[in-house]
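What follows is a single structure, written as structure tokens, with notes after it.
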Amino acid sequence: PPFWAVIPAAGIGSRMRADRPKQYLQLAGKSILEHTLNCFLDHPCLRGVVISLAEDDPFWPTLACARDPRIQRASGGAERADSVLNALLRLGELGASEQDWVLVHDAARPNLAQADLDLLLAELADDAVGGLLAVPARDTLKRVGSDGRVRETIDRSVIWQAYTPQMFRLGALHRALAEALVSDVAVTDEASAIEWAGQSPRLVEGRADNLKVTRPEDLHYLERLWRGRQ
Ligand code: C5P
């Protein structure tokens, strides 16, 4: 189906301990953000991209894709959910309608495979709610106390890690995020806002290597992975 992409890219990425937000770090000759955008720009069903950026972001204007007419800017907000909400408002201004599909994808996930994107679109095209790429938990999981000691072992067969893209209808996602934000509930992804609105997003199993670059070792891992593919 035709779709819009929203890329929240207004975070500072403090866990990377770098001199710039992580989406601007280099990976195989390009910034992480350019790789991420290319995952979408290459897709034949893309209608357009809105990227949420910090107001005073000095790095974005230096990228060639800043002049790509398919990419529009929105302002970043205090939390990721605010950044996404601003992007959804921008989509409305661009003529998107309530029923249009929106795929929200982290700026810091540059290794989204085209096959995973196609799988998500195909699996959810006729879904009433929408959903997200996710990965089943691999390791044994422990709940831990503040003393660093195990309280219990959690049944991992029912635990999945939420990845992105997350795919929902523009109108439903807009309402869910806006209501969750005014109610002060924790929304760390789009699906949690939809859940809070009483709906149940569908999980589509994706590749584990669509990881979010969070720590320096994640970047080193992707560098090795991509070098191996050349
Ligand atoms: O910090 P974390 O890795 O969870 O951020 C996920 C994504 O949300 C990143 O792409 C980051 O740039 C974005 N973000 C944002 N606005 C914020 C916080 C995070 O756009 N206020």
For residues [X] and [Y], report the shortest heavy-atom separation together with the two atoms involved.
X	Y	answer
P61	A66	CA-CB, 4.2 Å
R138	A208	NH2-CB, 3.2 Å
F168	G130	CE2-C, 3.8 Å
L121	P1	O-CD, 3.8 Å
A108	I32	CA-CG2, 4.0 Å
A134	L203	CB-CD2, 3.8 Å

Does the side chain of [Y] come within less than 4.5 Å of [X]'s, by heavy atoms?
X	Y	value
H174	L89	yes
W60	L33	yes
E205	E123	no
K142	T140	yes
Y163	D116	no
L46	F3	yes
R70	F40	no
V204	L132	no

Rounded distance (nearest 0.5 Å) linking atom [atom1] of [X] with atom [atom2] of [Y]:
X	Y	atom1	atom2	value
Q26	E34	CD	CD	7.5 Å
I194	L173	CD1	CG	5.0 Å
E79	D82	CD	CG	6.0 Å
F59	Q23	CZ	CD	9.5 Å
L27	L219	CG	CG	5.5 Å
L120	D118	CG	CG	9.5 Å

Is it the case that atom [atom1] in [X] sees more than 12 heavy atoms from other parts of the structure closer than 6.0 Å?
X	atom1	value
E195	CD	yes
D126	CG	no
R143	CZ	no
D42	CG	yes

Short side-chain to backbone donor-acceptor contact, [X] and [Y], under 3.5 Å:
X	Y	value
T164	D106	yes
K22	V213	yes
S157	D155	no
R109	N210	yes
N86	S75	yes
S83	G77	yes
R169	E98	no

Applying a strict under-4.5 Å side-chain criterion to I, L, V, M, F, W and Y, I'd like to know whether [X] and [Y] cluster together.
X	Y	answer
V182	V185	no
L133	V102	no
L37	L117	yes
L103	L177	no
V6	L94	yes

Donor-acceptor side-chain pairing of [X] and [Y] below 3.5 angstrom:
X	Y	result
D57	Y24	yes
S97	D100	yes
Q166	D189	yes
N111	H35	no

Could you check whether D209 pairs with R207 (Lys NZ or Arg NE/NH1/NH2 to Asp/Glu carboxylate O, under 4.0 Å)?
yes
Tell me every residue that passes salt bridge (Lys or Arg N to Asp or Glu O under 4.0 Å) with E217, counting only those two or more places apart in sequence or in another chain.
none
Could you give me the CA-CA distance, side-chain angles and deciding distance for D147 and R149, then say whether salt bridge (charged side-chain N to carboxylate O under 4.0 Å, His left out) is met?
CA-CA 6 Å; D147 57 357; R149 302 195 76 90; 5.3 Å; no
Passes side-chain contact (heavy atoms from CB on, under 4.5 Å), L211 versus L222? Steps please.
CA-CA 9 Å; L211 54 90; L222 286 182; 4.2 Å; yes
Show your working on side-chain contact (heavy atoms from CB on, under 4.5 Å) between T188 and R80 and close with a plain yes or no.
CA-CA 7 Å; T188 48; R80 176 206 159 93; 6.0 Å; no
side-chain contact (heavy atoms from CB on, under 4.5 Å) between L88 and L170, worked out:
CA-CA 7 Å; L88 299 183; L170 172 61; 3.8 Å; yes
Given the rule in the side-chain contact (heavy atoms from CB on, under 4.5 Å) test, do V50 and W4 qualify, once you have shown the distances and angles that lead to the verdict?
CA-CA 8 Å; V50 173; W4 301 91; 5.9 Å; no
